[in-house]
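Step one of this worksheet: look at the structure below.
Each chain gets a letter, A, B and so on, in the order its sequence line appears, and its residues count up from 1.
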Amino acid sequence: MSLIDVENLTLQFKTDEGLITAVDDVSFSLAPGEVMGLVGESGSGKSVTAKSLMKLNPGNAVYSPESRITLHLDSGPVDVMSLKRPRDMEIVRGGSISMIFQEPMASFAPAMTVGSQMVEQLLIHTDLSKKQAKELSIEMLDRVGISDASTRFGQYAFEMSGGMRQRAMIAMALSTKPKLLIADEPTTALDVTIQAQVIDLMKDLVAEFGMGIIFITHDLGVVAQTADKVAVMYLGKMIEQGPVREVIRNPYHPYTKGLIDALPQLDDLEKPLMPIPGDIPSPLERPAGCVFHTRCGKVIGDICRTVVPQWSDTGENHRTACHLCAEG
Amino acid sequence: MSSEYLIQTRDLSVGFPVGGQLFNRRVLKAVNHVTLAIPKGSFFGVVGESGSGKTTFGRALLNAVPITGGSAHYDDGEVNYDLGDLAGADLKEYRRRAQLIFQDPYAALSPRMTVRDIIAEPLEVMGLCKSRDEVDERVREVAAMCRLNIEHLRRFPHAFSGGQRQRISIARALVSRPRFVIADESVAALDVSIQADILNLLKSLQDEMGLTYLFISHDLSVVAHTCDHVAVMYLGQIMESAPTRQLFEAPRHPYTKALFSAIPSLDPDDKGKVQRLEGEIPSPTNRPTGCQFHTRCPSATDLCRQKEPEMEICEAGHSVSCHRWQELQTAV
């Protein structure tokens with residue numbers, strides 16, 4: 001059984017310039033212990049999609065009535081869309097879903113020690129006493145490889161290096177034993193050597209805690225090394241999804257192929273870098289038909305410019321939304 | 001006299017005083033005895049983690065931070081300068097000949113100036129054109145080279161995407177016809193699909209204008225694809241310097257090897273010849289003794305802890321600063 005089911009998620013933002021569609025009819029599901037990589041360029045709607053799972057988007061967000069997000073907990077299914085009051089949201093936010101943000105410096109409060117922030121959320125989400133919460137926090141810091149955890153517990157975020165802050169963030173996110181962890185570009189701000197350490201750590205923790213992870217990144221290399229399955233987004237649309245080996249070795253959608261060809265790879269230095277022509281259109285000027293047609297080199301005719309492509313099977317558990325699929 | 005190198009540094013050091021009190025002021029050596037030669041017309045890469053001093057090295061070559069030790073020499077065949085004591089007219093002329101492309105195209109462009117004014121500003125400040133018509137002509141020329149739409153010159157930067165903004169930054173850097181361009185993490189803020197486009201643009205401009213680039217980056221795969229020579233920095237020092245192909249085929253320094261093995265492979269089944277580095281880069285105010293890398297090096301010995309290694313040449317153009325590179329080479 002799946003852990004979370006997202007169906008027909010559509011989300012628009014009300015702005016002075018009009019309604020901006022950030023997420024357009026996105027559906028996916030995730031099983032416990034499964035790691036899904038959510039890939040796309042900036043502005044593709046991957047962060048907004050992930051934040052919708054906790055309804056963390058700002059007040060001008062409008063969800064379409066067809067959007068369904070169902071979280072399957074031991075106590076029964078929770079319809080996230082129906083939760084209205086902040087109190088009700090506590091089961092979801094920080095309780096069964098935790099999130100790791102991109103910039104660990106910006107996500108810790110600068111005037112509180114790291115330890116007190118860890119304890120604070122444990123007191124809200126668990127029945128632990130203050131003393132037990134402190135013990136658990138120190139144990140978690142130790143688990144993520146922070147040496148001298150009890151000293152670090154009393155320090156402020158600015159006293160730690162980038163890699164250590166990100167470890168502390170992971171420790172904090174996991175201390176409530178969430179069912180689902182959302183990691184939003186958790187390694188983008190880190191050096192490659194530290195990134196490798198954090199990726200190893202996250203893999204170990206998945207194996208140990210067995211939670212589901214949604215891993216948001218723009219780096220296909222990171223996805224290849226961490227995820228079980230991948231979903232590729234472009235301008236708010238999900239355009240391809242499938243098992244990681246399938247999607248990376250046999251990408252079907254021209255956009256996914258383009259992303260892989262644009263990536264500099266070390267095993268073939270002579271291979272020229274192939275940029276995807278053009279720029280991502282402004283969300284205010286979303287193209288009609290297939291959202292990618294303005295940059296696509298394989299447009300097959302007016303159908304791409306006018307008709308929104310539907311999902312087709314392009315392999316085992318591998319689906320692509322492209323008119324080329326119908327052509328064969 | 002003209003040499004084949006555009007920039008030559010010898011024991012170049014840059015230090016900053018840190019600590020408040022007058023008598024226990026310490027010096028943070030961001031760049032520590034760097035000796036490098038950048039050949040004319042090359043695409044020279046400098047890689048390293050954050051805090052390795054690569055940006056400060058670039059700034060020292062632009063005379064944007066004071067050089068506190070050693071020397072740096074610039075020679076483009078027409079003029080040659082000692083960068084340590086540039087002043088007056090020479091400094092002005094050097095500013096025209098050496099330009100910088102910044103990392104963040106969102107922060108680097110003034111939101112209140114039109115694209116035309118942004119690109120024209122260096123010409124006006126340096127007094128390179130006699131009339132407004134001449135400025136306009138030069139702006140249009142360079143904008144076309146950077147594949148900017150001429151009709152967009154009257155717009156403001158907010159109307160442009162990241163890739164287009166970076167092309168505007170490049171146009172501004174190139175408008176004064178420089179010989180030497182430093183690109184400091186110039187593609188780090190861009191999406192991969194756009195990044196490839198900007199890299200290809202930099203390459204084609206190099207051929208067209210005969211530029212020499214110093215390309216500063218933390219991304220080894222980008223460097224591998226664009227540069228012809230790469231220097232690896234760690235804690236303000238050069239660990240290894242080699243032609244790109246040689247460096248990537250046969251890295252000698254344990255740090256370079258570790259950097260390569262940390263790059264996530266695109267192949268899901270390639271779990272890599274895992275050689276993880278423990279810990280983090282030490283603070284430059286509290287440098288390790290001996291080899292700077294010994295605290296994280298998997299093959300460190302007592303010698304490494306005590307004695308600083310010298311730069312040794314292991315092949316033509318390939319030098320490495322490690323006591324044990326020969327042993328480690330045979331061990332693999």
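Between Pro264(B) and Gln195(A), some side-chain heavy-atom pair lies under the 4.5 Å cut-off. Within the 4.5 Å cutoff, side-chain heavy atoms of Arg245(A) are placed close to those of Asp269(B). Counting heavy atoms from C-beta on, the side chains of Pro268(B) and Gln225(A) never come closer than 4.5 Å.
Heavy-atom minimum distance, His225(B) versus Gln265(A): NE2-O, 2.7 Å.
Heavy-atom neighbours of chain A within the stretch residues 185-197 of chain B, taken at a separation under 4.5 angstrom, comprise Asp191(B), Val192(B), Ser193(B), Ile194(B), Gln195(B), Ala196(B), Asp197(B).
Sequence neighbours left out, the pairs with a member in residues 35-46 of chain A that pass salt bridge (charged side-chain N to carboxylate O under 4.0 Å, His left out) are Glu41(A)-Arg295(A), Lys46(A)-Glu185(A).
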Side chain to side chain contact (heavy atoms under 4.5 Å, CB included) for Thr193(A) and Glu49(B)? Distances and angles first, verdict last.
CA-CA 8 Å; Thr193(A) 55; Glu49(B) 296 177 89; 2.4 Å; yes
Show the numbers, then the answer: is there a side chain to side chain contact (heavy atoms under 4.5 Å, CB included) between Asp267(B) and Arg249(A)?
CA-CA 8 Å; Asp267(B) 180 356; Arg249(A) 289 190 190 141; 2.8 Å; yes
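Going from atom CD1 of Ile194(A) over to atom CD1 of Ile281(B) covers 9.0 Å, rounded to the nearest 0.5 Å. Atom CG of residue Leu273(A) and atom OG1 of residue Thr226(B) lie 8.0 Å apart, to the nearest 0.5 angstrom. Between the CE atom in Met274(A) and the CG atom in Asn200(B) there is a gap of 8.5 Å [rounded to 0.5 Å].
Heavy atoms of Leu266(B) lying under 4.5 Å from chain A belong to its backbone as well as its side chain. Only the side chain of Ile248(A) comes within contact range of chain B, with at least one heavy atom under 4.5 Å from a heavy atom of that chain.
The residue among Ser161(B), Gly162(B), Gly163(B) with the most heavy atom pairs within less than 4.5 Å of chain A is Ser161(B). With chain B as the partner, the residue from Ala196(A), Ala262(A), Ser147(A) showing the most heavy-atom pairs under 4.5 Å is Ala196(A).
Counting heavy atoms of neighbouring residues, nucleotides and ligands inside a 6.0 Å radius, atom CD of Glu316(A) does not exceed 12 of them.
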